[in-house]
Protein chains: 2
Amino acid sequence: MATIHHPDIRTIPLSAVLAALSDPTRLEIVRSLAKKACTCGSLDIEASKSALSHHVKVLRQAGVIHQKAEGTSRVTTLRREELDARFPGLLDSVLRAKGPI
Amino acid sequence: MATIHHPDIRTIPLSAVLAALSDPTRLEIVRSLAKKACTCGSLDIEASKSALSHHVKVLRQAGVIHQKAEGTSRVTTLRREELDARFPGLLDSVLRAKGPI
DNA sequence: TCGTTAATTCAAAGATTTTTGAACAATATA
DNA sequence: TATATTGTTCAAAAATCTTTGAATTAACGA
C-alpha cells in the first residue's frame with residue numbers, strides 16, 4: 001500500500017477540525033478511538049465499508065486521527081497530544097460532552 | 001415581527017453545535033460576538049445580507065447565539081454561559097484557537 | 001402617511017458531502 | 001498459487017448546504 005499521508009497539524013484550519021467532528025458517525029469513531037486504538041473493521045459503527053472508509057479519511061485529512069498499516073489492516077489512533085497542543089481543550093470538551101450527539 | 005425562537009440548549013446535539021461552528025463565516029461572527037454584542041448590519045463580515053441572515057439563523061438554531069428585536073434591528077449575543085454549562089470548554093477552545101481559521 | 005432602515009423569506013442555482021455498490025489492491029494464509 | 005481478509009477507489013446518485021437576488025415584513029422618523 002502507498003504511504004498514508006498525515007497533514008501537519010499546524011496547517012489545519014479550525015473550521016476543518018470542527019467540520020470533521022460535526023458528523024455523528026465520525027463523532028462515534030472519535031469517541032471509540034478515545035477508549036482504544038482500532039482497525040476500521042473492529043469499529044462498531046453502522047455504515048458500509050466504503051462510507052466508513054470515507055469518514056476515516058475525512059478525520060485523517062483533518063488531522064484528527066493517525067493510521068498505520070499493519071498487515072491488511074490499518075491501526076487507527078487519535079492524534080490526541082497533537083490536537084491538544086494545537087487546539088487546547090477542544091477534544092476534551094467533545095469527548096466529555098453529555099446529552100444528544 | 002414574530003417572536004424569535006431560541007431552542008432549549010439541553011436538546012441541542014453536540015454535532016449541531018460543531019456543524020454551526022464549522023463554517024468560517026460563522027466562526028467570524030461568533031468571534032466578533034465574543035468581543036461585543038452586535039446587530040447583523042454592524043457585523044463586519046463579507047457576505048450578502050441574505051447569506052448573513054442565513055448564517056445567523058443557523059447559529060441561533062444551534063443554540064449558539066441569542067437575538068432580541070430592538071427597533072428594526074436585532075441585537076445578537078453569544079449564549080456563552082448556557083453553552084459553557086452544556087459543553088464545558090468548547091466555546092473557550094474555539095475562541096482561543098490560534099492559526100488558520 | 002410616505003419613505004427609510006434592518007432584516008427575513010422564498011425559490012432557484014451552485015457547490016459540497018454522503019452513500020452505494022462494483023472493481024481493485026495489498027497482504028496473509030492454506 | 002489460489003483464496004480470504006481488509007480496506008481503498010471510482011463514478012453515480014442522493015442528500016444537504018450555501019449563495020443569490022427579488023419580494024416582503026416590521027418598525028421608525030419626517
Side-chain angles (χ1 to χ4, degrees), chain A residues 1-7 12-13 15-30 32-33 36-77 101, chain B residues 1-7 12-13 15-30 32-33 36-77 101:
Chain A
M1 267 176 186
T3 62
I4 304 167
H5 181 249
H6 294 93
I12 294 173
S15 55
V17 175
L18 293 172
L21 296 175
S22 72
D23 178 275
T25 300
R26 292 195 290 261
L27 271 179
E28 258 203 272
I29 296 173
V30 167
S32 175
L33 291 174
K36 67 171 197 323
C38 270
T39 56
C40 278
S42 67
L43 283 168
D44 187 21
I45 304 281
E46 282 223 43
S48 69
K49 62 179 182 160
S50 54
L52 202 53
S53 188
H54 163 73
H55 285 305
V56 165
K57 187 182 190 179
V58 170
L59 288 170
R60 180 159 38 75
Q61 289 177 337
V64 177
I65 64 174
H66 179 274
Q67 294 192 287
K68 195 175 80 179
E70 191 120 314
T72 57
S73 318
R74 288 183 175 196
V75 177
T76 305
T77 52
I101 303 303
Chain B
M1 267 179 187
T3 62
I4 304 167
H5 180 249
H6 293 93
I12 294 174
S15 55
V17 175
L18 294 172
L21 295 175
S22 71
D23 178 276
T25 301
R26 292 195 290 262
L27 270 179
E28 258 204 272
I29 296 173
V30 167
S32 174
L33 291 173
K36 66 172 198 320
C38 272
T39 56
C40 277
S42 67
L43 282 169
D44 185 20
I45 305 281
E46 282 222 43
S48 69
K49 61 180 181 157
S50 54
L52 202 53
S53 188
H54 163 72
H55 285 305
V56 164
K57 187 181 189 179
V58 171
L59 288 169
R60 180 159 38 75
Q61 288 177 337
V64 176
I65 64 173
H66 180 274
Q67 293 191 289
K68 196 174 81 177
E70 192 119 313
T72 57
S73 318
R74 289 184 174 195
V75 177
T76 305
T77 51
I101 301 302

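- Closest to the side chain of B:Lys57, from the set C:dT20, C:dT9, C:dA7, is C:dT9.
- The 5' end of DNA chain D is approached more closely, in terms of each residue's nearest nucleotide, by A:Val75 than by the other of A:Val75 and B:Ala47.
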key: Stepwise side chain to side chain donor-acceptor pair (under 3.5 Å) check, A:Thr39 with A:Ser42   = CA-CA 5 Å; A:Thr39 56; A:Ser42 67; 3.1 Å; yes
query = Could you walk me through whether B:Thr25 and B:Ile45 pass the side-chain contact (heavy atoms from CB on, under 4.5 Å) check?
reply = CA-CA 7 Å; B:Thr25 301; B:Ile45 305 281; 3.7 Å; yes
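- Atom-to-atom, CG of B:Leu52 to P of D:dG21 comes out at 15 Å; the value is rounded to the nearest Å.
- With rounding to whole Å, A:Ile4 atom CD1 is found 10 Å from D:dT9 atom P.
- Residue B:Ser48 places no side-chain N or O under 4.0 Å from the OP1 or OP2 atom of D:dT19.
- Among the heavy atoms of the strands, none lies under 4.0 Å from A:Thr25.
- Here the side chain of A:Asp23 is nearest to one of D:dT20, C:dT18, C:dA22, namely C:dT18.
- Counting heavy atoms from C-beta outward, A:Leu27 and B:Leu18 have side chains that approach closer than 4.5 Å.
- Close to C:dA26, at under 4.0 Å from its OP1 or OP2, lies no side-chain N or O of A:Arg74.
- The side chain of B:Thr72 sits closest to C:dT5 out of C:dT5, D:dT20, C:dT8.
- Of the candidates C:dT19, D:dT20, D:dG7, the closest approach to any side-chain atom of A:His54 belongs to C:dT19.
- Looking at B:His6, its side chain does come within 3.5 Å of a backbone N or O of B:Gln67 through a donor-acceptor pair.
- Computed from coordinates, the A:Ile45 CD1 to C:dT19 C1' distance equals 16 Å when rounded to whole Å.
- When the P atom of C:dT16 is taken as reference, atom CD of A:Gln61 falls 15 Å away, rounded to whole Å.
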side-chain contact (heavy atoms from CB on, under 4.5 Å) between A:Leu33 and A:Ile29, intermediate numbers included = CA-CA 6 Å; A:Leu33 291 174; A:Ile29 296 173; 3.9 Å; yes
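- The main-chain N or O of A:Ala19 is found under 3.5 Å from a side-chain atom of A:Arg26 such that the two form a donor-acceptor pair.
- Checking C:dT18, C:dA7, D:dT8 against the side-chain heavy atoms of A:Arg26 singles out C:dT18 as nearest.
- Between B:Leu43 atom CG and C:dT8 atom C1' the separation is 16 Å, expressed in whole Å.
- Summarising the geometry, the separation between CD on B:Gln67 and P on D:dA26 is reported as 16 Å, rounded to the nearest angstrom.
- Checking the phosphate oxygens (OP1, OP2) of C:dA7, a side-chain nitrogen or oxygen of B:Thr39 falls inside 4.0 Å.
- Taking the nucleotide of DNA chain C with the nearest heavy atom to each of A:Glu70 and A:Val58, the more 5' of the two is matched to A:Val58.
- Following rounding to the nearest Å, B:Leu59 (CG) and D:dT18 (C1') show an atom-to-atom distance of 14 Å.
- If you take NZ of B:Lys68 and P of C:dA7, they are 15 Å apart, rounded to a whole angstrom.
- Between A:Ser53 and the phosphate of D:dT8, there is a side-chain N or O to OP1/OP2 separation shorter than 4.0 Å.
- Place B:Lys49 and B:His55 on DNA chain D by their nearest nucleotides, and B:His55 ends up nearer the 5' end.
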